[in-house]
Amino acid sequence: MNHFHRKESTLHCEGIALDTLADQHGTPLYVYSRAAIEGAYTGYERALAQHDHLICYAVKANSNLSVLGVLARLGAGFDIVSIGELQRVLAAGGDPAKIVFSGVCKTPDDMLKALRAGIHCFNIESEAELDMLSRVASDNGWVAPISLRVNPDVDAGTHPYIATGLKDNKFGIELDSAFDLYKKAAGLPGVEPIGIDCHIGSQILDIEPFSEAACHLAALVDQLRAAGIELQHIDMGGGLGVQYESEAVPPIADYIEALTRPLGAHNLTLILEPGRSIVANAGVLLTRVEYLKPSAHKNFALVDAAMNDLLRPALYGAWQDIVPVTASGAEVACWDIVGPVCETGDFLGKSRDLPLTAGDILAVKGAGAYGFVMASNYNSRPRPAEILVDGDSAHMARAREPLDRLWLGESPLPGAQL
Ligand code: LLP
């Protein structure tokens, strides 16, 4: 079900008109649908009903406390990559015993804090990190539960910046070395291998690479079992890609089948770390058209959101749909939708056929994942506000950043005349 829909030609999020939200809270403004987040999460729950499983939402996709709170109430686990994310999950009421800690470079201090919190598992990315965790844990009288993140050298067929399962990528432990490292881990005092992990990339729309990766991991689980190392879970990393434009997204049941078939008779709990597919299409970014700048050569619509608010188009050349919130009477023309930041790479969309007039509110769709979380203060622009809509009510999930927060913690040089 689509929770962004038109009523009398005005785009709504659940029961609330988006132009009303823009008027009340200003733009740029992120708006999320609680029902859409819940629907996407329960879609995974349903597809996994026949398997022992734990869904650990990837916090990096959208870490607003309200979003995390919605998921915590549904019983979700969480995949974190920093202590900041750990603290957010705890602040939102998440269960530390359902947290997995990913990330390629955890410091001893990160390890200690996560051990104190009592997380479910550390996903280890190198021998050096394994040694460090064993030392940190045993020095403090703990034994840390671990998985090794294996790099299965599988091409996920996604944007090179977000492909992570190839030998060339910085992530994970080479498949060929993983068996020996598990044997070493089993003998270390501060760690206990409880699982195996991989993550081959994001925005993956082809099921084959998932299945290939699962086959590699299942073979390793067999080898380990024969050597007396019994694992309890297999973590297959992030979730399915989403539809931004006309991409065909495979049915979730086919994806789960591709992951579970290679596991055969293994009685392993399946952990997944979906992020994008839970929140991307549960959010839009609202922006106002400030000026129209048509020319014989090209038409530019200058809007009040920029690459600092939504980086994906500038960074990956990502395409996200842009639609007017209310239908204006203007004629359709071809526009580049560009922001106020002083870079030519600052665009939200190029060559879009839209009926625009100055003052229109536009919605950039698919903005719930990797949107606000990647926002910055570049050009000294405060980050947008975030609203979580729940039926007919709008919850201020994050207030617009006040201007004086921009230099909080900075110190002007002492002395008046320098
Ligand atoms: N687990 C790990 C270890 C990850 O690195 C990621 C994403 C996920 C789970 C979640 O994957 P998902 O279900 O969202 O595909 N900023 C980029 C996406 C970066 C993804 C990084 N890792 C974008 O805007 O497309």
Side-chain angles (χ1 to χ4, degrees), residues 37 40-41 43-44 54-63 67 71 76-82 85 89 99-106 120-125 129 147-152 156-166 169-173 195-207 209-210 213 234-245 247 249-250 252 255-256 259 270-283 285 307 309-320 348 364-376:
I37 297 169
Y41 178 83
Y44 275 98
L54 177 64
I55 302 166
C56 292
Y57 166 71
V59 174
K60 64 172 78 68
N62 185 325
S63 58
V67 171
L71 292 162
F78 295 92
D79 166 53
I80 60 163
V81 290
S82 69
E85 289 190 350
V89 171
I99 292 178
V100 294
F101 194 171
S102 300
V104 75
C105 185
K106 303 172 206 73
H120 178 60
C121 192
F122 289 84
N123 292 336
I124 294 296
E125 298 241 7
E129 191 190 31
S147 286
L148 296 188
R149 173 171 174 177
V150 176
N151 182 328
T158 187
H159 189 286
Y161 287 7
I162 54 174
T164 56
L166 287 166
N169 306 140
K170 68 179 173 181
F171 298 99
I173 290 153
I196 186 164
D197 170 48
C198 79
H199 171 74
I200 57 173
S202 190
Q203 185 55 6
I204 302 172
L205 294 159
D206 179 6
I207 280 182
F210 285 118
I234 178 164
D235 179 342
M236 289 301 299
L240 273 174
V242 301
Q243 185 178 51
Y244 287 106
E245 192 173 6
E247 302 91 334
V249 180
I252 195 163
Y255 156 75
I256 299 298
L259 295 181
L270 176 62
I271 296 184
L272 293 179
E273 304 166 357
R276 188 190 309 268
S277 46
I278 304 285
V279 286
N281 286 321
L285 173 63
M307 63 190 287
D309 304 303
L310 179 67
L311 184 61
R312 303 191 68 256
L315 185 59
Y316 314 112
W319 191 96
Q320 295 187 213
L348 298 178
V364 185
K365 297 174 89 176
Y370 306 111
F372 183 90
V373 285
M374 294 175 78
S376 76

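Numbering of ligands and ligand atoms starts at 1, following listing order.
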Whether [X] side chain and [Y] backbone form a donor-acceptor pair below 3.5 Å:
X    : Y    : result
T158 : I204 : no
R149 : S102 : no
E273 : Y57  : no
Q320 : K365 : yes

Pi-cation contact, F101 with K106 (under 6.0 Å, within 45°) |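 Checked: cation-pi criterion met.
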Looking only at protein heavy atoms, which one is nearest to [atom], and what is the separation?
atom                    : result
atom 8 (C) of ligand 1  : H199 CE1, 3.5 Å
atom 15 (O) of ligand 1 : S202 OG, 2.5 Å
atom 16 (N) of ligand 1 : Y316 OH, 2.7 Å
atom 21 (C) of ligand 1 : K60 CD, 3.9 Å
atom 14 (O) of ligand 1 : Y370 OH, 2.7 Å
atom 19 (C) of ligand 1 : I162 CG2, 3.6 Å

Among V279, I278, I37, L71, exactly one meets side chain to side chain contact (heavy atoms under 4.5 Å, CB included) together with N62. Which residue is that?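 Testing N62 for a side chain to side chain contact (heavy atoms under 4.5 Å, CB included) against V279, I278, I37, L71 leaves exactly one candidate, V279.
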*Checking side chain to side chain contact (heavy atoms under 4.5 Å, CB included) against V59, which of V81, D79, V89, V373 comes through?*
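Output: one option passes, namely V89.
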Taking N or O atoms only and a 3.5 Å limit, does [X] qualify as a polar contact for ligand 1?
X    : result
R149 : no
G275 : yes
S277 : no
G201 : no

Legend entry - Nearest option to atom 10 (C) of ligand 1, as decided by whichever heavy atom of R312, E273, R276, Q203 sits closest: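 Heavy atom nearest to atom 10 (C) of ligand 1 belongs to E273.
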Roughly how far apart are [X] [atom1] and [Y] [atom2], rounded to 0.5 Å?
X    : Y    : atom1 : atom2 : value
I196 : N123 : CD1   : CG    : 11.0 Å
I234 : S147 : CD1   : OG    : 9.5 Å
Q203 : R276 : CD    : CZ    : 4.5 Å

If you count the atoms of ligand 1 from 1 in the order shown, which ones are under 4.0 Å from a heavy atom of [X]?
X    : value
D79  : 1 (N), 2 (C), 9 (C)
A58  : 8 (C), 9 (C), 10 (C)
G238 : 9 (C), 10 (C), 11 (O), 13 (O)
P274 : 13 (O)

- [ ] Indicate, as side chain, backbone, both or neither, the part of M374 found under 4.0 angstrom from ligand 1 when only non-hydrogen atoms are considered.
- [x]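 Near ligand 1, M374 shows its side chain, while the N, CA, C and O stay back.
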